[in-house]
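Here is the structure we will look at.
Residue numbers start from 1 in every chain, and the chains themselves are labelled A, B, ... in the order their sequence lines are given, proteins ahead of strands.
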Number of protein chains: 2
Amino acid sequence: MIDQNIKIAVDGIVFGYEKGILYVLAVQQRFGKLTNQWVLPGGFVKDDEPLLAAVERELKEEAGITVNYLEQLHTFGDDIHRDDRFRVISVAYFALVNPQNFVLKADTDAKDAKWFPVNQLPALGYDHSDMVKLAHQRLKNKLTYQPIGFDLLGEEFLFSDLENLYCCILERDIDRRNFRKKILSFGIVNETDKVVKIGASGRPGKLFTFDKLKYNQLMKENFQFDIRFA
Amino acid sequence: MIDQNIKIAVDGIVFGYEKGILYVLAVQQRFGKLTNQWVLPGGFVKDDEPLLAAVERELKEEAGITVNYLEQLHTFGDDIHRDDRFRVISVAYFALVNPQNFVLKADTDAKDAKWFPVNQLPALGYDHSDMVKLAHQRLKNKLTYQPIGFDLLGEEFLFSDLENLYCCILERDIDRRNFRKKILSFGIVNETDKVVKIGASGRPGKLFTFDKLKYNQLMKENFQFDIRFA
DNA sequence: CCAAAAGTGTTTGCCCTACACCCATGT
DNA sequence: ACATGGGTGTAGGGCAAACACTTTTGG
């Protein structure tokens with residue numbers, strides 16, 4: 001048996017989007033040296049637990065959520081003192097969720113769980129602020145070449161929601177007509193016959209749904225999703 | 001202290017390119033159950049060793065090489081029996097090297113170290129074949145949006161080398177004129193005044209060098225490297 | 001003079017960009 | 001009727017794609 005004394009943890013950077021604001025989920029620690037400090041949800045991996053299962057469990061336990069999209073981001077293990085108790089290597093996961101689907105609840109190790117606007121995030125414990133920075137970059141990049149924006153929206157959404165999401169995350173203006181034209185040309189959203197009105201006034205808009213099956217089909221045929229606007 | 005009994009390892013997927021063929025580095029195990037089995041270079045992380053340092057050390061020890069490019073690829077830890085002795089999580093690294101820079105030598109744990117053409121790679125031990133597949137995909141993708149092809153070539157190279165590298169890795173034909181035009185338009189390669197002739201006949205070609213400084217400068221100014229040809 | 005590889009411009013068509021007005025609803 | 005947000009078409013320019021001949025060297 002190898003003599004090695006390193007512990008392994010997972011952490012989740014969970015993004016949520018609502019009404020023009022991008023949020024990140026953080027939890028407040030209840031125990032240990034960093035009590036009351038805000039950190040990312042996460043924890044140690046169990047001996048017989050796959051990494052993915054570990055993140056999913058932690059997100060459930062610490063904040064009561066189940067995500068729409070989850071992928072491995074990066075493993076943090078170059079700073080051997082990133083946790084000052086003992087050596088911990090953390091596998092960070094990038095996740096997307098529609099915040100409206102959940103009421104946050106902190107049950108196990110977390111005192112509190114809360115959404116923070118990305119741009120008003122307090123300094124987090126450990127190297128978690130770096131993780132958020134990296135994940136935020138990944139989100140920006142990935143949004144342009146993979147249809148992950150839909151995982152931040154509900155099942156049904158207005159075109160303006162989608163457009164605002166892109167504007168907000170990519171931090172630039174988008175031409176409404178060109179955007180709609182492009183998305184529709186992909187053929188991966190379906191128009192429903194429902195119309196809704198959001199604010200107090202204004203014309204109601206049609207609801208759309210993302211057609212994941214169609215997207216998967218297209219991917220097999222060398223389709224390339226790509227949104228890049230000036 | 002947390003009760004956890006998981007070991008952590010690193011593995012390297014090292015690509016080399018020479019004369020129209022893409023190679024991967026593998027080593028033959030000298031000890032243990034998988035003796036004589038080909039696997040990727042790698043090994044356990046030391047308690048006080050950053051992950052990056054661990055891969056670099058293993059590549060040096062097991063094959064005597066130092067790479068041009070190294071980045072984290074993915075952490076393999078979902079299959080809890082990927083190593084059947086005990087639970088091991090492996091952080092896989094993606095690396096590029098110019099094979100002409102090194103004579104492979106296997107000194108420590110490895111019986112032998114050898115370059116295999118990617119398309120004629122034997123089945124590797126553990127889940128290392130999956131790692132190679134993933135790394136190969138990463139290489140193909142990254143080649144189109146980051147100038148990492150240069151890390152597979154020597155300091156000086158012919159334009160035809162670069163072109164063939166792209167052809168070979170992306171597995172499609174490239175129009176020589178359009179390719180040269182595009183690369184030159186980026187302004188990230190410099191023409192030297194040297195000319196060399198490769199085969200027995202044919203017109204000698206000019207040597208070029210990659211201008212990394214210029215590239216880094218351009219990156220700060222919102223430059224986007226991008227090679228995608230029909 | 002023939003074979004082999006390097007070097008070089010132009011035309012065409014498509015897609016991205018830019019841009020402004022009408023429509024449906026609530027107050 | 002006005003304010004608010006939804007919905008729509010077109011013209012021009014730039015860039016990528018397609019394409020073939022000349023040059024230099026060795027045998």
Exercise for the section: For the residue pair B/Y215 and B/F210, categorise the inter-ring angle as parallel (less than 30°), tilted (30 to 60°) or perpendicular (more than 60°). Expected result: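 Taking B/F210 first and then B/Y215, their aromatic rings sit tilted (interplane angle of 30° to 60°).
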
Expressed in angstrom and rounded to an integer, what is the separation of [X] atom [atom1] from [N] atom [atom2]?
{"X": "B/D175", "N": "D/dA20", "atom1": "CG", "atom2": "P", "result": "11 Å"}
{"X": "B/F179", "N": "D/dA18", "atom1": "CZ", "atom2": "C1'", "result": "17 Å"}
{"X": "B/L184", "N": "C/dG9", "atom1": "CG", "atom2": "P", "result": "12 Å"}
{"X": "A/D173", "N": "C/dC19", "atom1": "CG", "atom2": "C1'", "result": "14 Å"}
{"X": "A/K182", "N": "C/dC14", "atom1": "NZ", "atom2": "P", "result": "16 Å"}
{"X": "A/E163", "N": "D/dG7", "atom1": "CD", "atom2": "P", "result": "10 Å"}
{"X": "B/D226", "N": "C/dC16", "atom1": "CG", "atom2": "P", "result": "13 Å"}
{"X": "A/D161", "N": "D/dG6", "atom1": "CG", "atom2": "C1'", "result": "12 Å"}

Practice task
Verify the contact: side-chain N or O of A/R176 to OP1 or OP2 of D/dG6, cut-off strictly under 4.0 Å; return yes or no.
Solution key: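 Checking D/dG6 against A/R176, no side-chain N or O comes under 4.0 Å of OP1 or OP2.
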
Problem - Side-chain N,O (B/R180) to OP1/OP2 (C/dT8) below 4.0 Å - result: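 Yes, B/R180 has a side-chain N/O under 4.0 Å of OP1/OP2 on C/dT8.
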
Practice task
Select base, sugar-phosphate, or nothing to describe what B/K181 touches, counting heavy atoms under 4.0 Å on all strands.
Solution key: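 Result for B/K181 = base.
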
Practice task
Check every atom of D/dA18, D/dG7, C/dT17 against the side chain of A/N178 and return the nucleotide holding the closest atom.
Solution key: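 Selected nucleotide: C/dT17.
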
Practice task
Apply side chain to side chain contact (heavy atoms under 4.5 Å, CB included) to the pair B/I169 and B/L152, showing each step before the final yes or no.
Solution key: CA-CA 11 Å; B/I169 296 179; B/L152 289 167; 3.8 Å; yes

Exercise for the section: Walk me through it: do A/Y69 and A/F94 pass the test side chain to side chain contact (heavy atoms under 4.5 Å, CB included)? Expected result: CA-CA 8 Å; A/Y69 182 85; A/F94 167 83; 3.9 Å; yes

Problem - Over 12 foreign heavy atoms within 6.0 Å of NZ, B/K140 - result: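 Check passes, neighbour count above 12.
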
Practice task
Report yes or no: is there a donor-acceptor pair, N or O only, under 3.5 Å between the side chain of B/R177 and the base of D/dA20?
Solution key: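 Yes, the side chain and the base share a sub-3.5 Å donor-acceptor pair.
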
Handout entry: Proximity to DNA chain C (any heavy atom under 4.0 Å), residues of residues 201-209 of chain A only
Key =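 The answer is A/S201, A/G202, A/R203, A/P204.
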
Problem - Distance (rounded to the nearest 0.5 Å) between A/E171 CD and A/N119 CG - result: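 A/E171 atom CD to A/N119 atom CG measures 6.5 Å (nearest 0.5 Å).
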
Can you give the donor-acceptor pairs under 3.5 Å from side chains of residues 141-148 of chain B to other protein atoms, not counting sequence neighbours?
from	atom 1	to	atom 2	distance (Å)
B/N141	ND2	B/Q137	O	3.4
B/K142	NZ	B/E71	OE1	2.6
B/K142	NZ	B/E71	OE2	3.2
B/T144	OG1	B/N141	O	2.7

Handout entry: Validation row, ring centre A/F150 to ring centre A/F157 under 6.0 Å
Key =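 They qualify: ring centres under 6.0 Å apart.
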
